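Not measured: the values here are computed from a predicted model. Side-chain atoms are counted along with the backbone in the values below, which use heavy atoms only and exclude waters and symmetry mates.
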Amino acid sequence: MAVTATVYNNYKLKCIDNSTKIALATDTIKVALVTSSYTPDIDTHDFWDDVSANEASGTGYTAGGATLANPTVAVVAASDLAKFDADDVVWTITTALSARYAVVYKSTGTSSTSPLILYFDLGSTYALSSGTFTLTFSASGILTLT
């Protein structure tokens, strides 16, 4: 599934506030699956503890989500943009799992200090009883700034 990102406002602040930057290529950046019980609020949700109570669960899915593999940040001069990207994420599920959202955040190891970056609305709830759940990021990257 290919989806588009919605950026949390607190992350936008971190992009321009030098004292609180998130290093997307070197920090531990995770993506977690969240159920339809979660109601995204880009204005007030700022840390993983605002979301974690609604995290999906199932055998083959690890609480806290998956660490993004091979994260990269780059300037694409021909398009006048900067982008953040990483490998698509694949979970092999062996018991029931339902997810409506995928939330990207910086993991500090403590949910109350792990800042949210963005979330993807999958468009509807995906229910899987077993098999592969793949989160496919856009060919243009997970996040682009123009």
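A donor-acceptor pair is defined here as one N or O able to donate and one able to accept, closer than 3.5 Å; no such pair exists between the side chain of D17 and the backbone of L13.
Using modelled atom types, one finds a donor on one side chain and an acceptor on the other under 3.5 Å when comparing S140 with S138. Side-chain contact, T113 with T108: a donor N or O sits under 3.5 Å from an acceptor N or O.
Residues P115 and K14 come closest through the heavy atom pair CB-CE, 3.5 Å. Annotation for A56 and T35: closest pair CA-CG2, 3.9 Å, computed over non-hydrogen atoms. Taking each heavy atom of T125 and S98 in turn, the nearest pair found is CG2-CB, 4.0 Å. When all heavy atoms of G109 and S114 are compared, the closest pair comes out as N-OG, 4.0 Å.
The OG atom of S112 sits 10.0 Å away from the CG atom of D50 when rounded to the nearest 0.5 Å. Taken to the nearest 0.5 Å, the OG1 atom of T136 stands 4.5 Å off from the CG atom of D88. Annotation: the span from L122 atom CG to S124 atom OG amounts to 7.5 Å, rounded to 0.5 Å. The line from CH2 of W91 to OG1 of T134 is 9.0 Å long, rounded to the nearest 0.5 Å. Taking CG of N54 as the start and OG1 of T39 as the end, the distance is 7.5 Å to the nearest 0.5 Å. The line from NZ of K106 to NZ of K21 is 13.0 Å long, rounded to the nearest 0.5 Å.
D41 meets the salt bridge (Lys or Arg N to Asp or Glu O under 4.0 Å) test with no other residue; sequence neighbours excluded. Partners of A74 by side chain to side chain contact (heavy atoms under 4.5 Å, CB included), not counting sequence neighbours: none found. K30 pairs by the side chain to side chain donor-acceptor pair (under 3.5 Å) definition with nothing, not counting sequence neighbours.
Residue V90 shares its hydrophobic cluster (ILVMFWY side chains chained together at separations under 4.5 Å) with no other residue. Membership of the apolar cluster around V51 extends to Y8, V34, Y38, I42, W48, Y101, V103, Y105, L116, Y119, as traced through chained side-chain contacts below 4.5 Å between ILVMFWY residues.
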So L135 and V31, side chain to side chain contact (heavy atoms under 4.5 Å, CB included) or not? Walk me through it. CA-CA 9 Å; L135 183 62; V31 61; 3.7 Å; yes
Given side chain to side chain contact (heavy atoms under 4.5 Å, CB included), test T92 with F133 step by step and report yes or no. CA-CA 6 Å; T92 302; F133 187 103; over 6 Å; no
So L24 and I22, side chain to side chain contact (heavy atoms under 4.5 Å, CB included) or not? Walk me through it. CA-CA 6 Å; L24 294 171; I22 296 174; 4.1 Å; yes
Listed pairs under 3.5 Å, donor-acceptor, residues 60-73 side chains, sequence neighbours left out:
from	atom 1	to	atom 2	distance (Å)
Y61	OH	L33	N	2.9
Y61	OH	E55	OE2	2.7
N70	ND2	D87	OD2	2.6

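Hydrophobic clustering, with ILVMFWY side chains joined whenever heavy atoms are under 4.5 angstrom apart, keeps L118 apart from F47.
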